[in-house]
Visitor: 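The structure under discussion is supplied below as C-alpha cells; questions concerning it will follow.
In what follows, chains carry the letters A, B, and so on, assigned in the order in which the sequence lines appear, proteins first and then strands, with residues in each chain numbered from 1.
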Protein chains: 2
Amino acid sequence: MSAESPGHGRGHAGGEPGKPAAFAPVRPVRAYQRVAEQIEERILSGALPPGSRLPAERELVRQFDVGRSTIREALRVLQSSGLIRSRPGDPQGAEVLGVSPDTLSHALGRLARSHLSGLGELIQFRMVLDAESYRLAARLHTEEDLRRLTELADRMEEYVPHDPHAFSRADAEFHRVVAEAGGNALLALCARAVHDAVADAIESKLARAERAGEAADWMRRSVVHHRHVLAALGDGDGPRAARLGREALHDSYAPHVSEQDRARLRAALD
Amino acid sequence: MSAESPGHGRGHAGGEPGKPAAFAPVRPVRAYQRVAEQIEERILSGALPPGSRLPAERELVRQFDVGRSTIREALRVLQSSGLIRSRPGDPQGAEVLGVSPDTLSHALGRLARSHLSGLGELIQFRMVLDAESYRLAARLHTEEDLRRLTELADRMEEYVPHDPHAFSRADAEFHRVVAEAGGNALLALCARAVHDAVADAIESKLARAERAGEAADWMRRSVVHHRHVLAALGDGDGPRAARLGREALHDSYAPHVSEQDRARLRAALD
DNA sequence: GCCAGGCGACTGGTCAGACCAGTTGATCAC
DNA sequence: GTGATCAACTGGTCTGACCAGTCGCCTGGC
C-alpha cells in the first residue's frame, strides 16, 4: 500500500506551510553521536571506502577536539554496526569494513530469539521468504543458474545418507544460487538470516531425529523437494515454485513443532 | 526446502567423533563485549523485560568489577542496538526497550544506500513482505479486524487531501492491523522496518512530487488501493489480496524510480 | 649481503578520578 | 497547601595513566 504521505515520513516536521511555525523540541545530541555520524557519513558516501583506515584514536581526539572516551564510544557504535573493525596494536588504525549484511542478520537473529516470536513464526517467515525467492528466481533465472542448481541437487543426492554435513553445505549453496538468480540481495540476506535462526532454534530437536535414524529419510525427502522446485523454476512457473517451496518447508518441519505451530504453518501454505 | 542437516548447523564443531580434536583458535574477548553479552542475554531471555531498568552505571561498575569506561562502552553497544535507552540525570538508570524493528530498519536503510543493494531492491522487498502479510491476513483475520480496517480506510479518505500527516499515520495503523491479523510478529516487524527504510530513502523524491501538487492524487489512489485490498481480505482471497498489494506498491513507486528499478518492480508483480 | 633478534614507538583496551549539567524528590519558607 | 530550594543522585565528558599487543627499524651475527 505504501502511502506515507510524501515528505512527512516520521517526524521531519520542518517547514509545514500555513502553520504558525511551532518550535521543534530540541533534544540534546551527545558528542559521541556527532562523531559517529560524521564518520558514518564518510563511510556511506564512499569517502572512506572499505579497506581504508581511520586515524588512530589519539589522532581523532585532536581532529574532533573531544576526549578519548568520546571517540571510543563513537567507534564502539560504528563497530557494533559492523562498519569498522579495530585491532589492538594496529599502527594503521581501525579498518573500514563498509556496509555488511551481518548487522541485518544479527538484528533478525535477536528478533527471532526474543520472546516476541516463536519457532512457528520463524518457520512461517522462512516459508514466505523462500517461496518469494523462488517466485523471483522462476522469472529471472538464466540457463547457467539452472545448470548450477541441477548440479547442486545432484551433489546433494550423492551425499545421502552418509555425509549430512556436506549435504547441508550443498543445500545452503542451492539457496544462495536461487537468491542470486532472483536478483534481490536484501531478500537473499534475510532469507539466509532466517534460515540460520531456524537452524539454531530447531537444532536440538532435529539432533534427536538424527539419532533416531530419521536423518536419511529427511535428506531423501529434501532432495525430492529440491527437484520439484527445480522443475518449476525451469518452467518459469513462479507461483508453482513458490507453493512447492512452502510445502517443502511445511513437510520438513511440521512433524517437529507443537500442534499450535503446525496450524500456523498450514495457514501459510497457500 | 530447509534441510540443514540435523545437528550440523553452522559450525558447532564440538565433539566431532573420530577426528584428532584440533584446537580452536582463541581470539581475545574484550571486557566490554562480555558485559554487553551478559546484559543482552538477560534482555533477550526476558529476565529484563521492556520497561524495566538497568542499575546505574556506577553500580554496574561494582557488579561487573570493571572500569566505568568499559561499562559505558558496553551500554553504548546495547543502545546502538536499540535494546536500551539512557537519559542523563535519570535516577532509575537506563531503560530496557526490548527488541525493536528500528535496528532492522537502520540496517536496511544503510544497505539500501550502499552499493550492495538499492532502492529498487528495497521496494521490491517491501512488495514481497506486504503481499505476504495480506495473504496471511486474508486467511486469519477476524470480523473485528475487518471492522477496524474499514474504519481506518474511511479515516484515510477523510484526510485527503489536506492532512497528509494524519493520512500517513492512518496508513501505518492500517498496516499494523493487517500484520496483527496475520499473526506473525516477525513478519510484521520486518514489514514495518522496510516500510520505514523506504520512507526514509524516497522521502526527498516524494517531497518534489508533493510540491508539484501530486500529493492529493497519490493519496486518492492509495485509498482506492486500500479499499480493493480490503475487499479481497473480506473475501478471504489471499492470493488476490497479495497481488493487489504488490500492484499498489508498484503503482505508487514505479513513477519515482530509475528505469532499471522499474523493471525490477515489474518482475515482482506476479 | 642477508637474516634473526631485539628494541622502541606506536596501537587499542582498560582503569581511576574528576567535573559538569541535568533530573528528582525531600525539605523548607511562606 | 504551595512553591522555591537544595542535596544527592544520574549520565556525559575529560584527563591522565598503565598494560599488552603489534609493527618497523636497526643492529649484530652469519
Side-chain angles (χ1 to χ4, degrees), chain A residues 23-40 42-43 48 50-98, chain B residues 23-40 42-43 48 50-98:
Chain A
F23 292 109
V26 51
R27 108 186 67 258
V29 181
R30 316 283 166 221
Y32 72 86
Q33 270 182 13
R34 280 183 302 211
V35 171
E37 278 164 17
Q38 278 197 51
I39 298 178
E40 175 170 346
R42 296 231 181 165
I43 294 177
L48 283 169
S52 62
R53 300 302 185 123
L54 255 44
E57 291 181 2
R58 289 162 178 88
E59 172 60 25
L60 290 174
V61 165
R62 281 187 287 273
Q63 291 191 19
F64 284 102
D65 196 27
V66 295
R68 186 143 94 104
S69 46
T70 300
I71 292 290
R72 282 185 60 76
E73 289 184 26
L75 294 183
R76 210 85 295 143
V77 170
L78 295 175
Q79 189 174 36
S80 87
S81 301
L83 291 175
I84 66 171
R85 172 178 52 185
S86 60
R87 202 169 42 108
D90 189 337
Q92 305 192 80
E95 182 183 2
V96 174
L97 295 178
Chain B
F23 292 110
V26 51
R27 110 188 64 257
V29 181
R30 315 284 167 219
Y32 72 86
Q33 270 183 14
R34 279 182 304 211
V35 172
E37 277 164 18
Q38 277 197 51
I39 298 177
E40 174 170 345
R42 295 232 181 163
I43 294 177
L48 284 169
S52 63
R53 301 302 185 122
L54 254 43
E57 292 181 0
R58 290 162 177 86
E59 172 60 25
L60 290 174
V61 165
R62 282 187 287 273
Q63 292 190 20
F64 284 101
D65 194 29
V66 294
R68 185 144 92 101
S69 47
T70 300
I71 291 291
R72 284 184 58 75
E73 290 184 27
L75 293 183
R76 209 85 299 138
V77 170
L78 295 174
Q79 190 174 35
S80 86
S81 301
L83 290 174
I84 66 171
R85 172 178 51 187
S86 62
R87 201 171 42 110
D90 189 338
Q92 304 191 82
E95 183 183 2
V96 174
L97 294 178

Visitor: Taking the side chain as every heavy atom from C-beta outward, state whether B/S80 and A/Q79 have any pair of such atoms under 4.5 Å apart.
Guide: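 No; the side chains remain at least 4.5 Å from each other.
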Visitor: Knowing that exactly one of A/L78, A/L75, A/V77 qualifies, which makes a side-chain contact (heavy atoms from CB on, under 4.5 Å) with A/L83?
Guide: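 For A/L83, the side-chain contact (heavy atoms from CB on, under 4.5 Å) check succeeds only for A/L78.
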Visitor: Do A/S86 and A/R76 touch side chain to side chain, with heavy atoms closer than 4.5 Å?
Guide: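 The answer is yes; the side chains approach within 4.5 Å.
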Visitor: Which atoms form the tightest heavy-atom contact between B/L97 and B/P50, and what is the distance?
Guide: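 Residues B/L97 and B/P50, closest heavy atoms: O-CB, 3.7 Å.
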Visitor: Return the polar atom pairs (N/O with N/O) between nucleotides 12-16 of chain D and the protein under 3.5 Å, or none.
Guide:
residue : atom : partner : partner atom : Å
D/dG12  : OP2  : B/R72   : NH1          : 2.9
D/dG12  : OP2  : B/R72   : NH2          : 3.4
D/dG12  : N7   : B/R68   : NH2          : 3.3
D/dG12  : O6   : B/R68   : NH2          : 2.5
D/dT13  : OP1  : A/A31   : N            : 2.4
D/dT13  : O4   : B/R68   : NH2          : 3.2
D/dC14  : OP2  : A/G67   : N            : 2.6
D/dC14  : OP2  : A/T70   : OG1          : 2.4
D/dC14  : O5'  : A/G67   : N            : 3.4

Visitor: Both B/P91 and A/P91 contact DNA chain D. Taking the nearest nucleotide for each, which residue is further toward the 5' end?
Guide: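 First, find each residue's nearest nucleotide; the 5'-ward one identifies B/P91.
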Visitor: Only counting residues at least two apart or in another chain, list the ones meeting side-chain contact (heavy atoms from CB on, under 4.5 Å) with B/R87.
Guide: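 B/R87 satisfies side-chain contact (heavy atoms from CB on, under 4.5 Å) with B/D90 once adjacent residues are dropped.
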Visitor: How far apart are the closest heavy atoms of B/P55 and B/Q63, and which atoms are they?
Guide: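 Heavy-atom minimum between the residues: CG-NE2, 4.0 Å.
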Visitor: Is the CZ atom of B/R85 crowded by more than 12 outside heavy atoms at less than 6.0 Å?
Guide: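 Check fails, neighbour count at 12 or below.
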Visitor: Quick test of your reading of the model: are A/R62 and A/E59 salt-bridged, counting only N-O distances below 4.0 Å?
Guide: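 Result for this pair is yes, salt bridge flagged.
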Visitor: For DNA chain C, what dot-bracket results from Watson-Crick or G-U pairs at under 3.5 Å, with [ ] for crossers and | for inter-strand partners?
Guide: ||||||||||||||||||||||||||||||
Visitor: Sequence neighbours left out, what passes salt bridge (Lys or Arg N to Asp or Glu O under 4.0 Å) with B/E57? Give chain and number order.
Guide: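 Once residues adjacent in sequence are excluded, the partners of B/E57 under the salt bridge (Lys or Arg N to Asp or Glu O under 4.0 Å) criterion are B/R68, B/R72.
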Visitor: Just the endpoints, please: which first and last nucleotides of DNA chain C, 5' to 3', lie under 4.0 Å from a heavy atom of chain A?
Guide: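 Boundary nucleotides touching chain A, in 5' to 3' order, are C/dT11 to C/dT14.
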Visitor: Calculate the interatomic distance between B/Q92 atom CD and D/dT10 atom P; express it in whole Å.
Guide: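 The answer, rounded to whole Å, is 12 Å.
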Visitor: The criterion is side-chain contact (heavy atoms from CB on, under 4.5 Å); which residues satisfy it with B/L48, sequence neighbours excluded?
Guide: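 Scan of B/L48 (side-chain contact (heavy atoms from CB on, under 4.5 Å), adjacent residues dropped) gives B/R42, B/I43, B/S52, B/L54, B/V96.
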